[in-house]
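Data block below; observations after.
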2 protein chains.
Amino acid sequence: MKTKLSESQEDYLKHIFLLSEKSDENVSANALAERLKVKPASVTNMLKKLSELSLIEYVPYKGASLTSSGELIALEVLRHHRLLELYLSEMMGYSWDEVHEEAEKLEHVISERFEAKMAEQLGHPTHDPHGDPIPDQNLKLPSGPAIYPITSLKAGVTGAITRVLTQDKDTLNMLTRLSLVMNAELEIIAQERNGVRIRVGDERFLIPLELASNICISKNEFEKTK
Amino acid sequence: MKTKLSESQEDYLKHIFLLSEKSDENVSANALAERLKVKPASVTNMLKKLSELSLIEYVPYKGASLTSSGELIALEVLRHHRLLELYLSEMMGYSWDEVHEEAEKLEHVISERFEAKMAEQLGHPTHDPHGDPIPDQNLKLPSGPAIYPITSLKAGVTGAITRVLTQDKDTLNMLTRLSLVMNAELEIIAQERNGVRIRVGDERFLIPLELASNICISKNEFEKTK
DNA sequence: AACTATTTTTAGCCTTGCCTAAATAATTTT
DNA sequence: AAAATTATTTAGGCAAGGCTAAAAATAGTT
Ligand SMILES: [Mn+2]
Ligand SMILES: [Mn+2]
Ligand SMILES: [Mn+2]
Ligand SMILES: [Mn+2]
């Protein structure tokens, strides 16, 4: 790994990693194009270059996957991103719907010194403001307690929100208004065709399916032992 | 001022500003090329573009100067840079020889929100770790007490270091080793052909001319009233 | 005033990362 | 299995921001 990568290259690797995490299969040019807001032809171009650099394995028409050195770079960028999000949130008074945008640009620009200083000041945290895991200094992802999207849980289950799988500003803002914030306690009232009915404090909501699938909780103790 | 400028464009404007500050004349292509570590031909190219955008006034063979809108952008970048330097120094434990490099990249990337948060946390400071003035929210440069390069002062004058006109890492590190840091008290012992002889605490140094011309002090009270 | 040396500009090229349009491969439907 | 649809790649271009080499303007010297 000789020369520093461009911002674009880093973003390609990061998003290949994130897409691989979800689907487990090779990442398609189309999926990447959509994520990166770029045309598929541009993706093909870049995949060839990254493949040339041995950062991905790329078989034309079959999609791409990270090599181990590509994965390290993706994890490094991810560590920057998530540390930045938490730093902005904890040390600079940003709310969780504001951090992503700023971190998206800063992640490519900060030094290793800056990364280390943030980690130190934050007490080497394991999760960002959305509950996303932060790779440690050795780029190992932390293994936390099991978490479940609320779409997958039975009525009666209670737990605290520990991860939200969206970075969309307006969605996050909406969740805040509904008190659906990190660590908020909620109860599954019922799974229905149009969504998940839940209780948060005294309030009840019917969360549309697509949104609900992005909200994850860790189940409460007495539930777990059952 | 429609669309956001590129990092390069911002750096050109910033350095045109800084060079204008020193010499008062139009900034030459050569001087800019040297500053920006770029060939003069590249500078000519960019000057034409910036001129097209009405950010500079450019007469071929005569150099360039900022228009008022160009100057505003330069001051904005400068504010970012100097706030960042101070933030890194005060809040993140960087030393004054480390801040410049990091700020150089971050200055183009942070949001106005980030700028405002830094200013707030730092108590709306007026000077960065090298004593360089920080433009305020309205991009006005603060007017401080008079400062003098130690090359311009008579023997016997004492004062505190209030500005250092270099960003060179190794030079700054050297100054630190000599206790020639911000606010350090020093006395001019003599102006000599090879430099300025000074006293700092119990120590005496002969500071080479070129270095000495970058060290500025504000004279002590009893000197001023004399 | 004529040379000489230095600056600056012009012209042409390169790389990066994106685009569109057209061609080709893969997948799905009938 | 053929046809139709969708996904992907190829080919050709474009804008930014560098570069080199050559031409032209300016400044300095005799
Ligand atoms: Mn990014
Ligand atoms: Mn996040
Ligand atoms: Mn810069
Ligand atoms: Mn400074």
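Here is how names work: the chains are called A, B, and so on, in the same order as the sequence lines, proteins then strands, and each is numbered from 1.
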Partner residues of A/Asn26 under the side chain to side chain donor-acceptor pair (under 3.5 Å) criterion, sequence neighbours left out: none

Strand-adjacent residues in residues 8-26 of chain B, judged by heavy atoms under 4.0 Å from DNA chain D: B/Ser8, B/Tyr12

With sequence neighbours excluded, tell me which residues meet side chain to side chain donor-acceptor pair (under 3.5 Å) with A/Asn214. none

Note: chain A reaches DNA chain D at heavy-atom distances under 4.0 Å over the stretch, first to last nt, 5' to 3', of D/dA7 to D/dT10

Contacts of B/Glu85 meeting salt bridge (charged side-chain N to carboxylate O under 4.0 Å, His left out) (sequence neighbours excluded), chain-then-number -> none

Answer yes or no: does a side-chain N or O of A/Ser6 lie under 4.0 Å from OP1 or OP2 of C/dG17? yes

For A/Glu76, which residues count as a salt bridge (charged side-chain N to carboxylate O under 4.0 Å, His left out) partner, sequence neighbours excluded? none

So the ring-ring contact (aromatic ring centres under 6.0 Å, His included) pairs with at least one residue in residues 36-88 of chain B (sequence neighbours excluded) are B/His81-B/His100

In whole Å, I'd like the distance from the CG atom of A/Leu53 to the C1' atom of C/dT16. 13 Å

The side chain to side chain donor-acceptor pair (under 3.5 Å) partners of B/Thr171 (sequence neighbours excluded) come to B/Asp168

Starting from P on C/dG17, measure out to CD on A/Glu7 and report it in whole angstrom. 10 Å

Restricting to side chain to side chain donor-acceptor pair (under 3.5 Å), what partner residues turn up for A/Thr67, sequence neighbours left out? A/Ser69

Could you give the CG-to-P distance, from B/Leu47 to C/dT7, as a whole number of Å? 16 Å

Got a sec: does the CD of B/Glu115 have more than 12 other heavy atoms crowding it under 6.0 Å? yes

If a pair satisfies side-chain hydrogen bond (donor to acceptor under 3.5 Å, both in side chains) and one of its residues is in residues 28-54 of chain B, list it, with sequence neighbours excluded. none

For residues 136-145 of chain A, dump all side-chain donor-acceptor pairs below 3.5 Å to protein atoms at least two apart in sequence or in another chain.
| residue | atom | partner | partner atom | Å |
| --- | --- | --- | --- | --- |
| A/Asp136 | OD1 | A/Asn138 | N | 2.8 |
| A/Asp136 | OD1 | A/Leu139 | N | 3.0 |
| A/Asp136 | OD1 | A/Lys140 | N | 2.9 |

I'd like a list of close polar pairs between nucleotides 19-26 of chain C and the protein, N/O only, cut-off under 3.5 Å.
| residue | atom | partner | partner atom | Å |
| --- | --- | --- | --- | --- |
| C/dC19 | OP2 | A/Lys39 | N | 2.8 |
| C/dC19 | OP2 | A/Ser42 | OG | 2.8 |

